S.K.: 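Following this message is one structure expressed as structure tokens.
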Amino acid sequence: GENVEQHPSTLSVQEGDSAVIKCTYSDSASNYFPWYKQELGKGPQLIIDIRSNVGEKKDQRIAVTLNKTAKHFSLHITETQPEDSAVYFCAASIRNNNDMRFGAGTRLTVKP
Amino acid sequence: SAVISQKPSRDICQRGTSLTIQCQVDSQVTMMFWYRQQPGQSLTLIATANQGSEATYESGFVIDKFPISRPNLTFSTLTVSNMSPEDSSIYLCSVGKGTYEQYFGPGTRLTVT
């Protein structure tokens, strides 16, 4: 089955800097790659996603890039703010949404 | 997206007892999912619950331990049976929207003593 690896496990940046989180997946049939943000005491929130027919997608300060050949995708957060502090999970899905596998998570801390 | 609520939000239970967690969504959905998130860990799928059919369980999870009901298109329950301290986790329900997306509820934080 699909295996998703996520790095780093923790990331600390200064407010205003950029943060990058990387994930790799094993199954070349995966075609949907969402990113979730989980704040303390809350459920995961879908913040951005990308499908396999697109190389990059941007939404304000966040962007996701996908390299299908290398089977990796990344989350980029620019101009980080303290409220960006959370645990971020990547995931990969094959064909439909009942086969979604999650990375181990990255704890992002943005220092004011 | 979807607005999803879970009850209870948290509970402390004694070992050997059972707890039923409810998940309610604000619109009709075909697919609902139950996940477990152990402290500081990632999300692990327990089962997929489609209305009108038996739940499909992932490897390592069995119906006797985690019975699931899906009586209609907006509601599902997960029961954690005969609990032990190892069952202490966050239990999350999610719903499938469109072809790909999943949206999560706020979670139920379970502590078993």
Side-chain angles (χ1 to χ4, degrees), chain A residues 1-10 21 23-25 27 29-54 57 59 64 66 73 86-109, chain B residues 1-10 21 23-25 29-51 53 55-60 68 70 76 89-111:
Chain A
E2 175 66 275
N3 182 48
V4 179
E5 295 191 356
Q6 183 173 345
H7 300 281
S9 57
T10 61
I21 303 170
C23 289
T24 61
Y25 60 99
D27 194 327
S30 291
N31 58 0
Y32 175 65
F33 307 92
W35 286 89
Y36 289 88
K37 175 184 181 182
Q38 187 174 29
E39 296 175 294
L40 192 63
K42 298 184 178 180
Q45 176 193 2
L46 178 64
I47 57 171
I48 196 168
D49 56 13
I50 192 168
R51 300 185 188 182
S52 59
N53 58 347
V54 176
K57 183 177 179 181
D59 183 4
V64 57
L66 171 65
F73 57 110
V87 178
Y88 291 80
F89 292 98
C90 64
S93 178
I94 301 174
R95 292 189 302 278
N96 55 43
N97 58 11
N98 69 338
D99 193 19
M100 190 174 289
R101 304 295 165 175
F102 288 82
T106 296
R107 181 173 299 279
L108 173 65
T109 303
Chain B
S1 64
V3 178
I4 303 164
S5 61
Q6 286 186 234
K7 290 181 181 180
S9 58
R10 61 178 64 242
I21 302 167
C23 179
Q24 179 79 49
V25 60
V29 294
T30 302
M31 305 183 80
M32 295 181 78
F33 308 90
W34 288 98
Y35 287 83
R36 182 174 72 184
Q37 185 177 28
Q38 294 180 306
Q41 302 296 313
S42 187
L43 289 76
T44 301
L45 181 64
I46 298 171
T48 301
N50 292 338
Q51 195 269 338
S53 63
T56 303
Y57 289 82
E58 295 296 302
S59 176
I68 288 170
R70 181 77 201 275
S76 178
S89 286
I90 300 171
Y91 291 86
L92 295 152
C93 74
S94 73
V95 302
K97 288 289 239 185
T99 305
Y100 298 95
E101 294 87 357
Q102 281 192 35
Y103 297 93
F104 284 85
T108 295
R109 283 143 188 84
L110 171 62
T111 301

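Numbered from 1 within each chain, the chains take letters A, B, ... in sequence-line order. These numbers come from a predicted model, not from an experiment.
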S.K.: Could you look at B/L43 and say if it's the side chain, the backbone, both or neither that has a heavy atom under 4.5 Å from chain A?
M.R.: both
S.K.: What residue in A/G41, A/G103, A/G105 has the most heavy-atom pairs under 4.5 Å with chain B?
M.R.: A/G41
S.K.: Taking only Lys NZ, Arg NE, NH1 and NH2, and the carboxylate oxygens of Asp or Glu, determine whether A/R51 and B/E101 approach each other closer than 4.0 Å.
M.R.: yes
S.K.: Between A/Q6 and chain B, which part of the residue has a heavy atom less than 4.5 Å away: side chain, backbone, both or neither?
M.R.: neither
S.K.: Any side-chain heavy atom of A/Y88 sitting closer than 4.5 Å to one from A/I47?
M.R.: yes
S.K.: Side chain from CB out, backbone as N, CA, C, O: work out which of these in B/Q6 comes under 4.5 Å of a heavy atom of chain A, or both, or neither.
M.R.: neither
S.K.: Is any side-chain N of the basic residue among A/D27 and A/R101 closer than 4.0 Å to the acidic one's carboxylate O?
M.R.: no
S.K.: Quick check on B/R109 against chain A: is it the side chain, the backbone, both or neither that has a heavy atom closer than 4.5 Å?
M.R.: side chain
S.K.: In terms of the angle between their ring planes, are A/Y36 and A/F102 parallel, tilted or perpendicular, with boundaries placed at 30° and 60°?
M.R.: tilted
S.K.: Do B/S94 and B/Q102 have side-chain atoms, one donor and one acceptor, less than 3.5 Å apart?
M.R.: yes
S.K.: Let me know if A/P34 has heavy atoms under 4.5 Å from chain B in its side chain, its backbone, both or neither.
M.R.: neither
